[in-house]
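Step one of this worksheet: look at the structure below.
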Amino acid sequence: MTLFFKQMAMALLIMLMGIPAAFSKDYDYININDPLLNKTPVAVTRFKVFNGHKEEVRDGARAEQILKDALDFTGYLKVMNPAAFLAEPAESGIQLGQINFRDWTGIGTELLVTGGIEESLGQVTLKLRLFDTYNTRLLVGRIYTGKRSQVRKMIHRFCSEIALKLTGNRGVFGSKIAFVSTVNGHKEIFVCDFDGHDPKRITRHNTISLSPDWSFDRNWLAYVSFVKGKADVYIKHIKENRGAIVNYEGMNIGPDWMPDSLKLAATLSFSGNQEIYLLTKKGEIIKRITRSWGSNVSPRFSPDGKQMAFTSSRSGNPQIYLKDLETNKVSRVTFNGQYNTSPAWSPDGRRLAYVGIEKNKINIFVINVNQGQGRPIPLTAGQGDNEDPSWSPDGNLIVFKSTREGGRAKLYVMTAAGTDQRRLLSMKGEQSQPDWSSSAKME
Amino acid sequence: MKRNLWMNLMMAVLVAGLFMTVSCAKKTMVTEPTTIEDQAAEDANAAEAAKAAKVAAEAEKLKQQEIQEQMLQEKMARKAAAKKRFINQNIHFEYDSAKLSSMAKMLIREKAGWLKANTGVSVIIEGHCDERGTTVYNLALGERRAGAVKNYLVDLGVSDARLQMVSFGEEKPLDPAKTEAAYRKNRRAQFVLK
């Protein structure tokens with residue numbers, strides 16, 4: 001692994017030296033007003049094979065597919081159908097001087113990605129380039145070297161560079177999704193890649209485990225489990241055998257890590273009231289945050305850590321509130337309907353996605369906050385029960401639970417505009433409560 | 001001749017009288033053992049009666065025992081039925097509510113009675129929700145349901161120490177169907193003996 005990084009660092013260094021340094025972000029490649037409704041077309045060419053042996057051809061095709069799937073997944077790129085292509089860079093050349101950009105602007109693509117693969121002795125070298133077809137420029141060029149099993153990782157690192165170039169952030173490619181899945185009548189915590197790939201079981205409690213939540217550094221998961229016969233919060237290091245249990249008398253539920261430190265909020269009921277507290281990662285109470293009649297649940301810190309959204313039944317039915325953590329001022333966010341729960345912040349802190357019940361149907365809505373009270377906009381409608389929204393770290397996607405297919409709960413992804421709703425992963429059992437992690441730097 | 005006839009007649013009467021006397025005497029003698037025999041029979045009868053009475057008493061005792069056993073069984077059955085009812089009769093709630101209806105209160109009073117009659121028993125009150133609504137809010141709602149039942153029991157004089165609460169939210173429906181009837185069944189507080 002260390003060798004892999006060294007090799008990659010070397011490759012990156014070589015590539016960076018060979019590329020003109022004129023990449024100041026002077027041009028908006030992605031329409032920032034409506035990127036999800038007006039997707040940017042991108043053409044991904046067949047990979048050029050340098051040696052031409054069977055494994056190389058096969059891995060090249062695999063790399064191309066991974067690349068297309070990843071770009072398609074972003075929600076703001078539209079991968080073009082190769083049937084329309086007028087040129088074949090896999091034959092004519094994948095470098096800047098070898099590309100006739102009119103072949104690409106002619107079919108309406110604004111972005112072009114070319115790839116090359118060289119494979120010998122189990123080592124794979126990928127040469128990947130992103131071009132701006134209208135300005136005839138190389139935007140990103142990278143060479144990655146690794147084992148055959150690392151092709152997916154290398155492609156996603158390149159996609160992360162593409163996202164950085166196009167949007168200013170590294171996108172979803174280094175992120176993971178924690179979720180709950182049924183296993184033999186129990187509920188366990190799982191983690192998968194951003195695109196639903198490679199789901200791995202994290203807990204083996206053989207009971208009900210719920211509500212996973214990633215720490216900002218992605219090293220910790222907090223979740224709820226009934227290991228001791230009642231709901232307690234479990235704090236678990238994702239790699240090391242470390243952690244703590246928050247098991248005050250009564251119920252301990254709905255953990256949410258702070259956005260910049262290893263402290264978390266959770267609802268504890270030991271006082272007889274269901275109130276939200278701030279806790280250390282060992283479960284010690286730092287302070288009480290809410291103080292009101294009824295249930296106070298599902299705390300969610302704003303991305304800047306200055307506010308907390310939460311659900312409270314203080315008005316008689318569950319509604320979403322905002323608490324300013326500096327002034328302690330509380331304001332109500334939702335006024336439509338009798339049931340609004342499960343707030344989730346967009347990463348820019350401007351919007352809350354949440355779950356609302358209207359006309360007996362449970363759907364996901366989004367509402368503007370902090371810039372005057374907005375009107376709730378439904379993101380799902382007419383397709384089963386839709387719950388548990390969680391935003392991707394780049395703010396372009398929302399993962400959620402839906403019962404739209406056969407009444408069984410599965411995980412889906414949509415753009416933040418509610419478009420492109422599709423299954424995240426196919427797994428046995430029922431899945432729910434996804435939590436999208438921050439994006440790791442893919443260095 | 002006339003006098004002879006009279007004499008003969010007298011004789012006849014006398015002899016007849018003699019015979020009568022003899023027969024009378026003989027009769028008295030026979031009667032006496034009869035009387036003795038009657039006494040023995042009476043004794044036998046009495047013994048027999050006593051025996052019968054004893055048997056009857058025994059039967060009566062047995063019958064009483066049977067009745068008592070039956071009553072005990074019935075009592076135990078009633079007790080078991082009461083216990084079964086205590087465990088199986090759930091307290092139901094309206095949608096998104098932890099408020100006790102008058103029906104719910106009646107059932108809880110019955111449960112308080114049972115708990116007072118069974119002082120050694122501690123229970124767990126489970127709060128449950130139907131599947132509508134969200135996981136976390138339903139955990140909270142389930143706890144408020146269990147709490148409402150517990151508080152009423154405490155008000156009725158059941159010791160707080162015997163009542164534990166746990167909420168399962170929407171995690172343990174009795175009926176997984178997506179119907180109003182199933183939802184009604186699933187919105188409940190349920191008693192489990194510790």
| field | Under 4.5 Å from any heavy atom of chain A - which part of Tyr95(B) | value | side chain
| message | Looking only at heavy atoms and a cut-off of under 4.5 Å, which of Leu141(B), Thr135(B), Val166(B) has the most pairs with chain A? | response | Thr135(B)
| said: For the interface with chain A, which of Gly133(B), Ser167(B), Ser97(B), Gly147(B) has the highest count of heavy-atom pairs at distances below 4.5 Å? | reply: Gly133(B)
| query | Hey, which of Ser342(A), Ser312(A), Ser313(A), Ser298(A) is the one that makes side chain to side chain contact (heavy atoms under 4.5 Å, CB included) with Tyr137(B)? | reply | Ser313(A)
| message | Looking at chain B, which one of Asp388(A), Asn317(A), Thr341(A), Thr311(A) has the largest number of heavy-atom pairs inside 4.5 Å, strictly under? | response | Thr341(A)
| remark: In short, Leu139(B) meets Met251(A) closest at the heavy-atom pair O-SD, 3.4 Å
| query | About how many Å separate CG of Asn138(B) and CG of Leu210(A), when rounded to the nearest 0.5 Å? | reply | 11.0 Å
| field | CD/Gln89(B): more than 12 non-hydrogen atoms of other groups inside 6.0 Å | value | yes
| task | May I ask you to test the Pro318(A)-Asp96(B) pair for a side-chain heavy-atom distance under 4.5 Å? | result | yes
| query | chain B heavy atoms under 4.5 Å from Ser295(A): which part of the residue, side chain, backbone, both or neither? | reply | both
| task | State the CD1-CZ distance between Ile362(A) and Arg132(B), to the nearest 0.5 angstrom. | result | 10.0 Å
| Side-chain donor-acceptor contact under 3.5 Å, Ser269(A) with Glu143(B) | yes
| message | Counting only heavy atoms from other residues, nucleotides and ligands, does the tally under 6.0 Å from CG of Asn184(A) exceed 12? | response | no
| query | Measuring from Tyr354(A):OH to Thr134(B):OG1, what's the distance to the nearest 0.5 Å? | reply | 13.0 Å
| message | For a 4.5 angstrom cut-off between non-hydrogen side-chain atoms, does Arg144(B) reach Gln274(A)? | response | yes
| request: Give, for atom CD of Glu249(A) and atom CE of Met165(B), the distance between the pair rounded to the nearest 0.5 Å. | output: 8.5 Å
| Is it the side chain or the backbone of Val136(B) that comes within 4.5 Å of chain A heavy atoms, both, or neither? | both
| query | With chain B, which of Thr267(A), Val224(A), Ile253(A) has the greatest number of heavy-atom pairs at distances under 4.5 Å? | reply | Ile253(A)
| Greater than 12 external heavy atoms within 6.0 Å of Lys116(B)'s NZ | yes
| task | Step through the shown structure and confirm whether more than 12 heavy atoms of other residues, nucleotides or ligands are within 6.0 Å of CD on Glu74(B). | result | yes
| request: Heavy-atom distances under 4.5 Å only: say whether Asn360(A) touches chain B with side chain, backbone, both or neither. | output: side chain
| So which part of Asp385(A) gets closer than 4.5 Å to some heavy atom of chain B, the side chain, the backbone, both or neither? | side chain
